[in-house]
Amino acid sequence: MTAEQREQLNRWIEAYLDGRLTDEQSAQFAELLKRSPSVRAEIELQTEIDHSLRRLFSPPTAVKAPETSEVVEGSTKRAESVKGPRKLVSKRVWAFATAASLLILVGFGWQIWQAFYGDSADPAPHLKKLTLTEAYRAAEQEGFKAAWLCKDEREFATTFHWQLGQALAMAPPPKGIVAKGISYVRLDQANAFNVVQIITEVGGDGVIVFVDKRKSGGNACLKVEPGLRVFVKETEHLLLREVTPLDLPMVLDLLEEREIPDEWKKDPPGYSNSGAAPGSATPGDEAGAQPPAEPTP
Amino acid sequence: MAERPKNMEAHGRAAHSALGEGEFAAHFQKSHRVLWLVAAGILGDPNLAEDVVQDAAMIALDKLENFTPGTSFTAWMAQIVRNVSMNTARKETRRRSAPLGPDSDAAFPDPNSNGKHIEKMTELGADGRLPANQTWFDDRVMRALAEVSDMARACLLLRTIDSMEYSEISAVLSIPEGTAMSHVHRTRRLLRERLGDLWRERPSVSGGNA
């Protein structure tokens with residue numbers, strides 16, 4: 001096909017996609033589609049791209065009102081919640097209040113922080129700030145053993161709710177992926193000891209997903225040493241980084257944010273029904289390592 | 001017209017505004033979908049779009065007097081959304097590219113993405129699982145989208161997701177209708193070129209070459 005013919009075909013395809021063909025032209029194009037597998041494939045490809053765009057860029061159905069971040073259904077309630085000037089005043093008040101609080105807290109907080117986490121101290125190994133690579137290698141040295149296994153989806157979801165403020169669900173992994181459990185780790189970009197590691201094994205290789213609050217890390221580290229890769233997924237509230245020796249992410253797609261019932265939020269993870277504490281399951285036990293069951297609808 | 005709140009008069013900024021806050025809210029709700037798509041298109045990132053639209057709404061509330069009665073509210077707001085989106089995109093590019101060193105993983109960010117990050121925004125299906133090919137394909141679409149201009153992306157999204165006419169896209173983005181059409185056609189073509197080989201060689205295609 002010459003460049004000119006290709007250009008002409010492209011114009012036909014675009015006119016077809018835009019619905020700008022006349023009846024006669026439509027009939028001609030339908031005939032062309034029957035005759036030409038390559039044109040048919042191109043239309044199929046475009047259709048798939050359009051589907052993909054709709055999946056990727058789906059606008060929210062509920063609209064947030066400005067300022068309050070309150071999700072409202074009707075315009076009346078929305079109108080009441082839009083109060084620009086009040087925001088300006090309240091912003092100033094909050095700015096002063098925050099600054100004053102910070103001044104007071106910094107004095108006391110710094111000493112406490114230094115005592116526990118300061119570089120001058122010799123922190124316990126589990127309190128050391130680690131890079132992604134160091135955290136991965138540390139887990140590798142321990143045979144990718146997790147601190148504990150979640151006994152069910154509730155414990156799994158509430159662990160993330162209590163630690164990061166957002167529950168997480170894990171779909172049942174396909175054959176070849178074993179969920180080994182969960183540990184906490186302190187990464188060097190995080191301000192607190194609140195990054196959750198989901199430790200898995202994929203075909204014998206250790207794969208770890210580090211789950212953090214989406215904005216708490218600021219400039220989230222994406223550096224890993226040669227031989228490892230990092231893949232990233234951002235959900236509405238969480239930042240998930242999969243560190244893996246493999247070429248493709250295998251676990252990220254299994255993880256999604258989820259809502260949990262209010263009653264689940266009352267008890268810390270692991271204390272729901274049986275009263276068993278987290279960590280009661282045996283780390284690394286594959287029989288119990290199955291993921292936190294099915295995601296709750 | 002909704003009664004103007006007293007505090008607005010006290011600030012003296014909305015005395016000549018043709019648009020009350022109540023009306024603004026109603027217009028905003030009607031336009032939200034289009035504004036969200038404009039933001040997502042300019043940013044190339046659906047995750048940031050809502051925050052940008054909210055920020056733009058706050059700016060617009062402070063500039064209600066700039067809105068000309070009888071003109072398109074959506075076009076007026078879209079201009080603000082575009083500006084906020086472009087500022088945000090610049091900040092995000094700086095923020096996200098900062099920690100990357102020479103030994104960073106080559107697959108992230110994509111070398112063709114001009115520093116923009118590639119994200120995975122796929123949704124679980126009804127059975128709670130992701131079709132294997134869906135994520136794979138969506139990732140490639142995101143990478144290819146990072147190659148086109150922000151305005152071209154916005155045009156494509158408005159056309160594809162909201163089925164807007166080119167004349168409507170032209171009005172919303174303040175560009176000639178022909179330009180909007182050209183953006184859509186060229187972007188579609190580029191995506192097909194970038195994804196064609198991958199689509200034909202995709203795993204588990206039933207019936208051989210598609």
Side-chain angles (χ1 to χ4, degrees), chain A residues 10 14 17-18 37 41-42 44-46 48-50 52-60 63-67 69 75 78-79 81-88 169 171-172 189 218-226 228-236 247 249 252-254 256 294-295 297, chain B residues 2 5 7-8 10-11 21-22 24-26 28-29 32-33 36-37 40-41 46-47 49-50 54 57-58 61-62 95-96 98-101 103-105 107-108 117 119-124 128-130 134-135 137-138 141-142 156-157 160-161 185 188-189 191-192 195-196 199-200 209-210:
Chain A
N10 273 330
E14 293 306 331
L17 293 170
D18 281 346
E42 193 140 357
E44 280 176 12
L45 171 60
Q46 186 60 56
E48 190 56 36
I49 291 170
D50 290 351
S52 174
L53 289 171
R54 290 190 190 101
R55 282 193 297 269
L56 291 164
F57 293 90
S58 174
V63 180
K64 274 186 195 170
E67 189 220 2
S69 295
S75 60
R78 159 180 301 289
S81 65
V82 176
K83 296 189 188 303
R86 188 165 65 80
K87 179 184 173 71
L88 294 177
Q189 319 82 38
N219 289 334
C221 179
L222 303 172
K223 287 172 71 173
V224 285
E225 68 181 24
L228 291 176
R229 284 170 169 264
V230 56
F231 296 92
V232 177
K233 172 174 176 173
E234 288 186 47
T235 59
E236 189 178 356
D247 289 336
L252 282 181
D253 293 340
L254 304 173
E256 287 293 331
E294 301 261 340
Chain B
N7 56 357
M8 285 187 70
H11 276 72
E21 291 188 0
F24 174 88
F28 178 76
Q29 190 174 33
H32 180 271
R33 189 179 164 87
W36 189 94
L37 287 170
N47 284 337
E50 182 61 28
Q54 291 290 318
M58 294 312 303
L61 275 167
D62 272 344
R95 186 175 74 81
R96 289 172 187 278
L100 292 175
D103 57 341
S104 301
D105 173 63
F108 186 89
H117 58 293
E119 294 181 358
K120 302 160 71 60
M121 261 89 35
T122 44
E123 293 177 1
L124 293 177
R129 300 292 305 276
L130 271 170
Q134 179 180 314
T135 320
F137 192 74
D138 289 352
V141 170
M142 284 298 279
L156 180 73
L157 293 187
T160 307
I161 315 285
H185 290 182
R188 276 186 191 149
R189 205 178 301 177
L191 292 179
R192 291 202 298 275
L195 300 163
W199 176 244
R200 281 185 286 278
N209 260 359

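First the proteins, then the strands, lettered A, B, ... as listed; each starts at 1. None of the values given here were measured: they were computed from a predicted structure.
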key: Part of B:L37 within contact of chain A (heavy atom distance under 4.5 Å)   = side chain
query = Tell me, do B:F137 and A:I49 make a side-chain contact under 4.5 Å, heavy atoms counted?
reply = yes
request  = For the residue pair B:N47 and A:E236, establish whether any side-chain heavy-atom pair is separated by less than 4.5 Å.
outcome  = no
query = Is B:H32 close to A:P60 at the side-chain level, that is, under 4.5 Å between some pair of heavy atoms?
reply = yes
task = Compare every heavy atom of A:L45 with every heavy atom of B:R192, then report the nearest pair and how far apart it is.
result = O-CD2, 3.5 Å
query = By a 4.5 Å heavy-atom criterion (distance strictly below it), what part of B:L157 contacts chain A: side chain, backbone, both, or neither?
reply = side chain
query = Should the pair A:D18-B:R188 be classified as a salt bridge under the 4.0 Å nitrogen-to-oxygen rule?
reply = yes
query = Out of curiosity, B:L195 CG to A:E48 CD, how far, rounded to the nearest 0.5 Å?
reply = 10.0 Å
query = In Å and rounded to the nearest 0.5 Å, what is the CG to OG1 distance from A:D50 to B:T160?
reply = 5.0 Å
Side-chain donor/acceptor of A:N10 to backbone N/O of B:R189, under 3.5 Å = no
